[in-house]
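Chain naming here is simple, since letters A, B, ... match the order of the sequence lines and numbering starts at 1 in each. Quantities reported herein were computed from a predicted structural model and do not represent experimental measurements.
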There are 2 protein chains.
Amino acid sequence: MSDVLTILKKHHLSNTDSRRAVLEAFLQTEIALAHQDIERETKERFDRVTIYRTLQTFIDKGIVHTIPSADSGTRYALCRENCSEGHHHDNHVHFICDACGRTSCLDDVAIPSVSLPKGYKVGKIDMVVNGVCPECQ
Amino acid sequence: MSDVLTILKKHHLSNTDSRRAVLEAFLQTEIALAHQDIERETKERFDRVTIYRTLQTFIDKGIVHTIPSADSGTRYALCRENCSEGHHHDNHVHFICDACGRTSCLDDVAIPSVSLPKGYKVGKIDMVVNGVCPECQ
DNA sequence: GTAACTGCAAAATATTTGCATCCTT
DNA sequence: AAGGATGCAAATATTTTGCAGTTAC
């Protein structure tokens, strides 16, 4: 069974055209995708709204995560492991290349721990590095 | 001379109503402000567009910085020090409270260093912690 | 067959641009 | 006086919602 169907089954999601196409778009790339990238990758076969809803479903189920950014818009990437419904565990650093604009997950770089002042309860931690990627050097 | 005028003068900006009002809004709060917060704080005296342009000017001059977020929209906070035109040096952790929704700068918490794989050139690093703030515990 | 998913229309929200006018220096 | 800043109108972009028709199981 294909990866795509495995993922859908694992998360108890029905097997629809748009879910398969969006998942395939993620599996075929190393980088994080913006909503617009996904429309293009799926060859405009699906309505914009359907893609928004599909992405939201995937986020709810722990299949993809969003990457924070101050400048560019929201980007999405596959969760590599351990994410379950309603609870993301992404613990890796994200990298945004200022030259090519691409966002990627550095799956092998763990977010270092940080200690906050007394009274703060820590949930999720995001770390986003901007710079120049190896391809653009 | 007021803080506000000192800041404007330091960055060679003309002394206008909207710039004074926006700066005062930042000086009167501990938390990061969204565009909409600023409209409210300045009592809708200024056009939405003017506030966008004022904020962009402040970012360009190194007076405020934006805080990345995956969910909520862009938020802005004063740079405490060391930022100069075209170059931000914010090295502190940002905190977003999931209970009250407020975003704040933890000026005393430095972003820990992280080493990336060979080939990546590091520019800016952002760290955003989500959780529950002391007031909401 | 039924609940869930999709497409379309439209609303709501966010941000940018052009231009004429006004204000700061 | 001159250049920059502002307000208004409008364009553009992004995301959400309602609803009727379609599809997966």
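- For the pair A:Thr57 and B:Gln56, both in contact range of DNA chain C, the more 5′-proximal nearest nucleotide belongs to A:Thr57.
- Nearest heavy atom pair, residue A:Ile67 against residue A:Ala32, reads CD1-CB, 3.5 Å.
- The salt bridge (charged side-chain N to carboxylate O under 4.0 Å, His left out) search around B:Arg40 returns B:Asp37, not counting sequence neighbours.
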statement: Given protein heavy atoms under 4.0 Å, the one-letter contact record of nucleotides 20-25 of chain D, with B base, S sugar-phosphate only and - none, is simply ----SS
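- In this pair, A:His94 and A:His65 present their aromatic rings tilted. The plane angle is within the 30 to 60° band.
- The side-chain heavy atoms of B:Asp126 and B:Val93, taken from C-beta on, include no pair separated by under 4.5 Å.
- Screening residues 111-137 of chain B for ring-ring contact (aromatic ring centres under 6.0 Å, His included) gives A:Phe95-B:Tyr120 as the qualifying pairs, with residues at least two apart or on separate chains.
- With sequence neighbours excluded, the residues satisfying salt bridge (charged side-chain N to carboxylate O under 4.0 Å, His left out) with A:Arg20 are A:Asp17.
- Nearest heavy atoms, A:Ala110 versus B:Val114: O-CG2, 4.2 Å.
- Nucleotides of DNA chain C with any atom under 4.0 Å from a heavy atom of chain A span, from 5' to 3', C:dC5 to C:dA9.
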- request: Just do the side-chain contact (heavy atoms from CB on, under 4.5 Å) check on A:Val132 and B:Val122 with the steps written out, would you?
  value: CA-CA 7 Å; A:Val132 184; B:Val122 174; over 6 Å; no
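- Contacts of residues 41-49 of chain B with DNA chain D (heavy atom under 4.0 Å): B:Arg45, B:Phe46, B:Asp47, B:Val49.
- More than 12 non-hydrogen atoms from other residues, nucleotides or ligands lie less than 6.0 angstrom from CD of A:Gln137.
- The separation between B:Asp71 atom CG and D:dT16 atom P is 11 Å, rounded to whole Å.
- Residue A:Arg19 is classed as a sugar-phosphate contact, given heavy-atom separations below 4.0 Å to backbone atoms only.
- Backbone-only contact: B:Thr74 has heavy atoms under 4.0 Å from sugar-phosphate atoms and none from a base.
- B:Ile51 CD1 to B:Gln56 CD: the interatomic distance, rounded to the nearest 0.5 Å, is 14.0 Å.
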